[in-house]
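Note that ligands are numbered from 1 as they come in the structure, with each ligand's atoms numbered from 1 the same way.
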Amino acid sequence: MLLKILGAAAGGGLPQWNCSCSNCQAVRQNHADVSWLNQSSIAIQSTEGDWFLVNASPDVRQQLELLRDTKLLSIRANPIAGVILTDAEIDHTTGLIILRESAQPLRVYGTEIVKKALTEGFPLLKTLESYCGVEWSTLEVGSTVSLTPNLEVEVFALAAKAPKYMRSQIIAGDWVIGLTFSDRSTGKVVTYAPGLAEYSDRLLKRFEASDCILVDGTFWQNDDLLTLGISTRTARDMGHLPLAGFDGSLHYLSQLKHPRKILVHINNTNPIHIASSKERLMVEAAGIEVGCDGLTIQL
Ligand code: MLT
Ligand code: MN
Ligand code: ZN
């Protein structure tokens, strides 16, 4: 199995267009210990199989160039066989519209509630009907889907948090899912969970049984944005468990023995972006990596 981080930042990227926090400024000034990052997305393939994009960020055009290989011989060929969505958030879905030039309908996988959101609240699927069209495959929580003969994905529930644009309607459903990919040819397992609100024993078991996990590293403290004066919402209000604190993500992740642990979906304000920060050193001391764009993991 081969996995590539195409975007390690959360929505907005690093730097974010309207942000002058110390991280965004450091990137603009080309500081050596921080780099420019695209918005949240990964790509995955089994050995010799097709690439699947997991979440389609607004940066998808540049991101897909990271998958280009010279084997694509025809003049028009998609570098991906499909797009798998973990939620209906704008940072994870807007890229679908950028892919409208596809010569075939785009194959998109997501839960039923995500389909509803992308049809009614943020009608990307409806809009795409007039371009390439979409072949939608519904993902059910608890089910396992074969993507290719060697690559399968198991779907698990992570949070019930609807995107802001759907909050006027109160609809319960599988708004945020996590994905466990298995490669039948190698037996290797990867779990991707970019929107993680809380830990449970079941989730920890799933992580421990994986060879590699890519996990929500959005915020450092629960009140990061309040301290900076840029929001009144906490990390937990936004469905992201912070890293620090006695019951933060680091506490749980540091207990896992087997998997390689990598943080993704890292907000531009998070001090762990700075390689020399004390927060970054704490993460690394706990045996956890900070994801970066282009990081390729072969399992
Ligand atoms: C999230 O990850 O919580 C959302 O993408 C936030 C947003 O609306 O940008
Ligand atoms: Mn997000
Ligand atoms: Zn910033």
Side-chain angles (χ1 to χ4, degrees), residues 5-31 33-42 53-60 63 83-96 110 113-114 117-118 121-122 124 158-168 174-179 192-198 214-243 249 263-274 277 279-280 291 293:
I5 297 184
L6 302 183
L14 177 65
Q16 179 172 312
W17 68 280
N18 62 344
C19 190
S20 298
C21 75
S22 54
N23 289 350
C24 289
Q25 290 297 69
V27 178
R28 293 186 185 107
Q29 290 155 10
N30 294 316
H31 278 224
D33 56 0
V34 62
S35 9
W36 179 290
L37 293 176
N38 285 320
Q39 297 171 78
S40 177
S41 177
I42 64 167
L53 185 67
V54 191
N55 291 325
S57 102
D59 302 322
V60 70
Q63 290 173 317
V83 184
I84 308 169
L85 302 174
T86 60
D87 53 58
E89 296 289 346
I90 287 182
D91 58 344
H92 281 163
T93 57
T94 305
L96 292 175
I113 198 86
V114 165
L118 298 181
F122 182 35
L124 291 175
L158 271 182
K161 189 201 79 166
K164 270 187 182 173
Y165 65 81
M166 288 299 282
R167 290 206 193 135
S168 56
D174 296 308
W175 282 110
V176 184
I177 56 170
L179 303 167
Y192 180 54
L196 181 50
E198 60 181 351
L214 296 113
V215 181
D216 186 340
T218 311
F219 295 109
W220 179 247
Q221 304 264 22
N222 195 39
D223 60 357
D224 279 358
L225 299 185
L226 286 83
T227 307
L228 289 167
I230 53 184
S231 177
T232 53
R233 295 170 75 219
T234 65
R236 283 185 164 87
D237 290 341
M238 294 170 74
H240 299 290
L241 188 68
L243 292 164
S249 239
L263 299 176
V264 291
H265 194 279
I266 308 166
N267 198 52
N268 53 70
T269 53
N270 193 326
I272 67 170
H273 281 302
I274 307 289
S277 67
E279 294 85 355
R280 170 72 157 263
D293 291 14

Worksheet item: Quick check: does any side chain N or O of Asn270 sit under 3.5 Å from a backbone N or O of Thr218, one acting as donor and the other as acceptor?
Response: yes

Worksheet entry | N/O donor-acceptor pair under 3.5 Å between Lys161 side chain and Trp175 backbone | no

Which of the numbered atoms in ligand 1 are below 4.0 angstrom from a heavy atom of [X]?
| X | value |
| --- | --- |
| His265 | 2 (O) |
| His240 | 1 (C), 2 (O), 3 (O) |
| Lys161 | 1 (C), 3 (O) |

Worksheet, complete the sentence: for atom 6 (C) of ligand 1, nearest protein heavy atom and its distance come out as Glu89 OE1, 4.1 Å

Worksheet item: Hey, do the aromatic rings of His92 and His265 have their centres closer than 6.0 Å?
Response: yes

Worksheet item: With a cut-off of 2.8 Å, does His92 place any N/O/S atom under that distance from the Mn ion (ligand 2)?
Response: no

Fill in: the Mn ion (ligand 2) reached by Asp91 (N, O or S, under 2.8 Å)
yes

Worksheet entry | Gln39 and Asp91: side chain donor to acceptor below 3.5 Å | no

Worksheet item: Considering only N, O or S atoms, which atom of His265 is nearest to the Mn ion (ligand 2)?
Response: NE2

Worksheet item: SG (Cys24) to the Zn ion (ligand 3) to SG (Cys21): angle, nearest 10 degrees?
Response: 110°

Rounded to the nearest 0.5 Å, what separation is found between the [atom1] atom of [X] and the [atom2] atom of [Y]?
| X | Y | atom1 | atom2 | result |
| --- | --- | --- | --- | --- |
| Ile266 | Leu14 | CD1 | CG | 9.5 Å |
| Glu198 | Arg236 | CD | CZ | 9.5 Å |
| Asp224 | Cys21 | CG | SG | 10.5 Å |

Practice prompt. Between Met238 and ligand 1, find which residue part has any heavy-atom pair under 4.0 Å and reply side chain, backbone, both or neither.
Written response: backbone

Worksheet entry | Nearest heavy atoms of Ile90 and Thr94, plus distance in Å | O-OG1, 2.6 Å

Discussion item. Closer than 4.0 Å and a protein heavy atom, does any atom meet both conditions relative to atom 3 (O) of ligand 1?
Written reply: yes

Worksheet item: Under a heavy-atom criterion of less than 4.0 Å, does Asp91 contact ligand 1?
Response: yes

